[in-house]
Amino acid sequence: MNEPVAHRDFVRQIVEDDLRTGKWDGRIHTRFPPEPNGYLHIGHAKSICLNFGIAAEYGGKCNLRFDDTNPEKEDTEYVDSIMEDVRWLGFDWEDRLFYASDYFEQLYQWAETLIRLEKAYVCSLTLDEIRAGRGTPTEPGIASPWRSRTVDENLDLFRRMRAGEFPDGAHVLRAKIDMGHPHMLLRDPIMYRIRHAEHHRTGNQWCIYPTYDYAHGQSDSIEQITHSICTLEFENHRPLYDWYCQALGIHHPQQIEFNRLNLTYTMMSKRRLLELVKGNYVRGWDDPRIPTLRGLRRRGYTPEAIRAFCASVGVTKHNATMDMGVLENHIREDLNKRAERRMAVLDPVKVIITNYPEGQSEELPAVNNPEDAAAGTRSVPFSRELWIERDDFMVDPPKKFFRLAPGREVRLRWAYFITCTHIVQDSQGQVQEIHCTYDPATKGGDAPDGRKVKATLHWVSVPHAVTAEVRLYDHLFRTEDPDDVADPALDWKSNLNPNSLHTVSSAKLEPALGQAPQGARFQFERLGYFCVDADSTPERPVFNRTVTLKDQWAKEQVKS
RNA sequence: AACCCGGUAGUGUAAUGGUAACACAACAGAUUUUGGUUCUGUUUUUCCAGGUUCGAGUCCUGGCCGGGUUACCA
């Protein structure tokens, strides 16, 4: 398939312009800078694809850098999972793995430089006093009484802060900018705070930690980044990013902000995802219902599908919410070409072929993937008693129902035409058995006389069937926007879909599925794409439904 | 409220002063041993008002609407 002529998003346009004008001497260097305080989700995938993608497309490099300046929230557990997920997605930072904490000493020295330049000072106000002194958007802040400390005094205090002489919160280091600035972030922002906390990498070496604003641009600078690509909420921070680089007179990358990814029926907030996991609303960070990369992986998503999706979403400067259906289409498109077909019955009802000899069975060849001749064939056992899907039969079918009904003939995939002759119902009217006759001349599924049937059903031989657990997933939330709550007393959690997981405990599978290894992906014919779950064992196979197939009949039912 | 950013079919995007277009969705049809896939067709668009210009989705002014920020988080 030909790649469509990719139009350039505005970030790539900037990169191309810079290449053309020689702005960075033809060098392109980006970075993906996650904070190790949570698991990566599909929103991060967009950023990863953008940063690593641009580097690859323009002959540049992309670093992986952990933005670990807040010891209280960060952990190696997250570092490890992030590296694993970036690799799984298909990207390689080679030897360029960095940590903002690697730069603590340099950052500290630069802070002293700023103090000497009288562009930073130690402020001994409390948190509340600082907040109050900052003013409001409409009124200017008031200068801290400590704003005019001498260079020597500031240096002495700052060094003693580092040496651990003060408790948490006793002092902070602030940039001396402008307390009357209309941009609140520029009203003497905090550069360092005292935190007697153990850092996941530097241990107890430090008790003062730089803030994001003070650390990020300089980290980019140290790594000689050219384009510092981040999400829209950092737009406000760009003046500060620029201020530090200029004040220090160091390499000054260009910060460019793009829109983060939003998807319907789910949410990307790390804080909320953490709440779902800790509150046991889901089964962990890899729960197939949440949009973490691990969740999607367990759900059966391929890195290729996620990358294709990320390439298709817009990179712009305005907030947008992608339809979950677009993501689903990408995995369908990928798996349609790659996943072998199998037959599985999720809600079984028994069919008895009354003219097929009792005790007899035969092996019938079945095509593994009509989209890929190289996938070959397998054989499936056929016998007198079969399972078919309960909703593939109706006693009194409406006009547009093409499947099995009394007196009607349909095809069993790769097997025979069968005609329903009789049904057995229980006292509630529930169908117990469907009695059919088969036409031996239609073996393989073609009628020599050329007669047509309107439906082809999937089926599984009763004596050969493997019983499995199948987990059917639906949207995490029942509303497109989780925040769409009518009652102000309720929060987003009230929109959680109570039916996001439906477990089928005894689905009937064709025997070939019994040996499938964990992670293997299949299309269950006419149902959807499924993969073998991590909980699966040979004794008790467990499958996850990745996504359903498009379903014209389901649409038809919704209409009526 | 102040500051920053943004408004193009239902959704996401393109058009970089020169015929408003693409993908998905929706709808209709063809093909089909999956009501899948594939193919064909149809419907629906520049927030508003002025201005500049031969010509404005694009530039300017004013409004309206939406988002972000107002943490010793990132």
Side-chain angles (χ1 to χ4, degrees), chain A residues 4 7-10 13 33-35 37-38 67-70 72-74 100 123 125-127 130-131 134-140 168-169 171-174 181-187 189-195 208-209 211-213 215-216 230-239 257 259 264 270-271 312-323 325-326 328-330 332-333 336-337 341 343 366-367 370-371 400-403 411-415 417 442 444-447 452-458 480 523-529 548-556:
Chain A
H7 59 254
R8 302 289 172 229
D9 55 71
F10 82 100
Q13 283 176 36
E35 182 188 13
N37 70 342
D67 215 338
D68 54 351
T69 57
N70 185 353
E72 291 169 327
K73 292 188 177 173
E74 296 149 7
C123 179
L125 255 23
T126 64
L127 203 176
I130 288 176
R131 207 172 275 163
R134 195 148 22 222
T136 69
T138 40
E139 30 188 338
D168 288 5
H171 310 281
V172 292
L173 185 72
R174 291 228 248 171
H181 202 105
H183 192 319
M184 304 265 305
L185 257 185
L186 262 24
R187 321 242 262 227
I190 285 152
M191 294 166 57
Y192 271 92
R193 69 276 204 185
I194 300 173
R195 276 296 112 84
I208 56 171
Y209 292 94
T211 57
Y212 166 84
D213 285 310
H216 200 89
C230 60
T231 45
L232 249 27
E233 65 271 26
F234 292 101
E235 240 168 355
N236 285 293
H237 296 246
R238 184 166 11 104
E257 312 85 11
N259 62 340
T264 54
K270 273 205 255 182
R271 208 196 80 243
S312 77
V313 304
V315 175
T316 68
K317 286 184 80 73
H318 60 265
N319 301 300
T321 302
M322 290 297 288
D323 197 318
V326 176
E328 293 173 344
N329 277 336
H330 276 95
R332 283 193 191 102
E333 192 182 356
N336 178 48
K337 287 176 297 192
R341 316 280 120 134
M343 291 196 284
V367 170
E371 303 294 319
K400 289 187 172 174
F401 184 86
F402 307 147
R403 282 108 94 144
R411 169 168 41 232
L412 293 179
R413 184 86 153 145
W414 309 123
F417 284 12
T442 59
D446 277 311
K452 303 286 185 196
V453 288
K454 289 201 83 173
T456 300
L457 310 187
H458 61 276
E480 281 197 18
Q523 182 195 105
F524 288 180
E525 295 232 21
R526 304 207 302 136
L527 297 175
Y529 296 95
T548 60
L549 252 30
K550 284 187 189 164
D551 190 345
Q552 202 58 233
W553 170 236
K555 265 189 204 172
E556 208 60 60

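Quick note: numbers below take in every heavy atom, side chains included, and nothing from hydrogens, waters or symmetry partners. Order of the sequence lines fixes the chain letters, A, B, ..., with proteins taken first and strands second; residue numbering starts at 1 for each chain.
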Residue A/Pro137, side-chain heavy atoms: nucleotide from B/U70, B/A74, B/C3 that is nearest: B/U70

A/Thr138 or A/Tyr529, whichever maps to the more 5' nucleotide of RNA chain B: A/Thr138

Out of B/U13, B/U34, B/C72, whichever nucleotide has its closest atom nearest the side chain of A/Ala320: B/U13

Stepwise side-chain hydrogen bond (donor to acceptor under 3.5 Å, both in side chains) test for A/Asn37 and A/Lys270: CA-CA 9 Å; A/Asn37 70 342; A/Lys270 273 205 255 182; 2.5 Å; yes

Atom pairs, N/O to N/O, protein against nucleotides 65-68 of chain B, distance under 3.5 Å?
residue : atom : partner  : partner atom : Å
B/G67   : O2'  : A/Asn319 : ND2          : 2.5
B/G68   : N2   : A/Asn236 : OD1          : 3.0
B/G68   : N2   : A/Asn236 : ND2          : 3.4

A/Glu525, nearest nucleotide to its side chain (from B/U34, B/G35, B/U13): B/U34

Ring centres under 6.0 angstrom apart (A/Trp553, A/Phe402): no

Separation of the P atoms in B/A25 and B/U38, to the nearest angstrom: 10 Å

Which nucleotide in B/A15, B/A2, B/C72 has an atom nearest any side-chain atom of A/Arg131: B/C72

Heavy-atom donor-acceptor pair, A/Arg526 side-chain to B/G35 base, under 3.5 Å: no

Distance-only donor-acceptor check, side chains A/His216 and A/Asp67, under 3.5 Å: yes

Donor-acceptor side-chain pairing of A/Arg526 and A/His458 below 3.5 angstrom: yes

Residue pair A/Asn236 / A/His183: nearest heavy atoms and the distance that separates them: O-NE2, 2.8 Å

Side-chain-base donor-acceptor pair under 3.5 Å for A/His237 and B/A74: yes

Shortest non-hydrogen separation from A/Glu35 to A/Glu74 and the atoms involved: OE2-OE2, 2.6 Å

Proximity to the side chain of A/Arg134 - top-ranked nucleotide from B/A71, B/A74, B/A2: B/A71

Minimum-distance nucleotide to A/Thr211 side chain [options: B/G36, B/U13, B/A74]: B/A74

Main-chain N/O of A/Gly445 paired to A/Arg411 side chain as donor or acceptor, under 3.5 Å: yes

Side chain A/Glu257 and base B/G6 donor-acceptor under 3.5 Å: no

Options B/A15, B/U37, B/C73, nucleotide nearest the side-chain atoms of A/Gln13: B/A15

Stem segments of RNA chain B by first residue number [Watson-Crick or G-U, under 3.5 Å, at least 3]: B:1-7 with B:64-70, B:10-13 with B:21-24, B:26-30 with B:38-42, B:47-51 with B:59-63

First of A/Glu371 and A/Glu74 reached from the 5' end of RNA chain B, by closest nucleotide: A/Glu371

Candidate pair A/Arg193 and A/Thr211, rule side-chain contact (heavy atoms from CB on, under 4.5 Å), full reasoning: CA-CA 7 Å; A/Arg193 69 276 204 185; A/Thr211 57; 3.5 Å; yes

Given B/A25, B/G35, B/A74, the nucleotide with the shortest approach to the side chain of A/Trp553: B/G35

Whole-angstrom distance between B/C59 and B/U40, as gauged at atom C1': 42 Å

Check: A/Phe234 ring centroid to A/Tyr212 ring centroid under 6.0 Å: yes

Whole-angstrom distance between B/A2 and B/U45, as gauged at atom P: 36 Å

Options B/G6, B/U70, B/G35, nucleotide nearest the side-chain atoms of A/His318: B/G6

Nearest-angstrom distance, C1' atom, B/U53 to B/G17: 9 Å

Inter-nucleotide C1' distance (B/U44, B/G6), Å rounded: 24 Å

Nearest-neighbour nucleotide for the A/Lys317 side chain, B/G35, B/A2, B/G6 considered: B/G6

Nearest heavy atoms of A/Arg174 and A/Arg187, plus distance in Å: NH1-O, 3.6 Å

